Asker: 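Following this message is one structure expressed as structure tokens.
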Amino acid sequence: VAAAIISRPADTLLSKVNKAGAGGTGSIASRLVNIAKETGVVNLCLTGLGPRCVMIGTLTAGQFGIFDTVMNALGASKFHFHDPKDKH
């Protein structure tokens, strides 16, 4: 979820810059700056953040579920933690 929060502003800018005419004319950098000014920093960071966190959390939970299911199906041993001082 931290990655979703950190990458949200950049993804919002990317979505907006790909729309025709967004940010005016000029280089990509100048268009991104224009879009950031028009949208505002708070809106860049918070717009759509809730659904994004739910999506990322669901995908991550699904990946762990698949991993656990495959490990059990293959009979693979899971993580075995031991005291490094003990001999194996």
Side-chain angles (χ1 to χ4, degrees):
V1 175
I5 294 168
I6 292 168
S7 64
R8 183 68 197 156
D11 286 343
T12 302
L13 281 173
L14 181 63
S15 295
K16 290 181 180 282
V17 80
N18 285 325
K19 293 181 182 176
T25 58
S27 68
I28 292 292
S30 67
R31 291 174 57 206
L32 288 172
V33 169
N34 291 339
I35 293 169
K37 287 178 183 176
E38 292 168 5
T39 306
V41 175
V42 173
N43 284 335
L44 279 177
C45 295
L46 298 180
T47 301
L49 185 59
R52 183 178 175 90
C53 287
V54 170
M55 179 191 72
I56 297 297
T58 304
L59 287 171
T60 304
Q63 289 172 342
F64 278 113
I66 291 168
F67 173 79
D68 191 51
T69 302
V70 170
M71 290 288 284
N72 285 334
L74 296 176
S77 61
K78 293 192 180 167
F79 313 102
H80 295 282
F81 299 102
H82 64 277
D83 186 353
K85 296 175 188 173
D86 292 342
K87 293 186 178 186
H88 307 263

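Numbers here simply count residues along the sequence, with the first being 1. Source: prediction; values computed, not measured.
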Asker: For Arg8 and Cys53, indicate whether the former's side chain and the latter's backbone hold a donor-acceptor pair under 3.5 Å.
Answerer: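 Not confirmed, Arg8 side chain does not pair with Cys53 backbone.
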
Asker: So which atom in Ala36 and which in Leu13 form the shortest heavy-atom distance, rounded to 0.1 Å?
Answerer: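 Closest approach of Ala36 to Leu13, heavy atoms only: N-CD2, 4.0 Å.
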
Asker: List, by chain and then residue number, the residues other than Val42 in its hydrophobic cluster (Ile/Leu/Val/Met/Phe/Trp/Tyr, side-chain heavy atoms under 4.5 Å); write none if there are no others.
Answerer: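 Under the 4.5 Å side-chain rule, Val42 groups with Val1, Ile5, Leu46, Leu49.
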
Asker: Return the OG1 to CZ distance between Thr69 and Phe64, rounded to the nearest 0.5 Å.
Answerer: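 The OG1 atom of Thr69 sits 13.0 Å away from the CZ atom of Phe64.
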
Asker: Between CG of Leu14 and CG of Asn18, what distance do you get to the nearest 0.5 Å?
Answerer: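 Atom-to-atom, Leu14:CG and Asn18:CG are 5.0 Å apart.
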
Asker: Is there a chain of hydrophobic side chains (I, L, V, M, F, W, Y, each step under 4.5 Å between heavy atoms) that links Leu44 to Val33?
Answerer: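 Hydrophobic grouping puts Leu44 apart from Val33.
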
Asker: Do any pairs count as a salt bridge (charged side-chain N to carboxylate O under 4.0 Å, His left out) and have a residue in residues 21-31, sequence neighbours left out, and if so which ones?
Answerer: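 Every pair satisfying salt bridge (charged side-chain N to carboxylate O under 4.0 Å, His left out) with a residue in residues 21-31: there are none.
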
Asker: In chain order, what residues pass the side chain to side chain donor-acceptor pair (under 3.5 Å) check against Ser7, with sequence neighbours excluded?
Answerer: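 Expected list: Arg52.
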
Asker: Among residues two or more places apart or on two chains, list those pairs meeting salt bridge (charged side-chain N to carboxylate O under 4.0 Å, His left out) that have a residue in residues 12-22.
Answerer: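 Qualifying pairs, neighbours excluded: none.
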
Asker: Using modelled atom types only, decide if a donor and an acceptor are shared between the side chain of Ser30 and the backbone of Ser27 within a distance under 3.5 Å.
Answerer: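 Present.
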
Asker: Evaluate the criterion side chain to side chain contact (heavy atoms under 4.5 Å, CB included) for residue pair Thr47 and Thr12; output intermediate values, then yes/no.
Answerer: CA-CA 8 Å; Thr47 301; Thr12 302; 5.6 Å; no

Asker: Identify whether Ile6 and Ile56 are in the same connected component of the hydrophobic contact network (ILVMFWY, side-chain heavy atoms under 4.5 Å).
Answerer: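 Each belongs to a different hydrophobic cluster.
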
Asker: Run the side-chain contact (heavy atoms from CB on, under 4.5 Å) test against Val70 and tell me which residues pass, sequence neighbours left out.
Answerer: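 Once residues adjacent in sequence are excluded, the partners of Val70 under the side-chain contact (heavy atoms from CB on, under 4.5 Å) criterion are Ile66, Leu74.
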
Asker: Partners of Asp68 by side chain to side chain donor-acceptor pair (under 3.5 Å), sequence neighbours excluded?
Answerer: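 With neighbours one apart ignored, the set is Lys78.
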
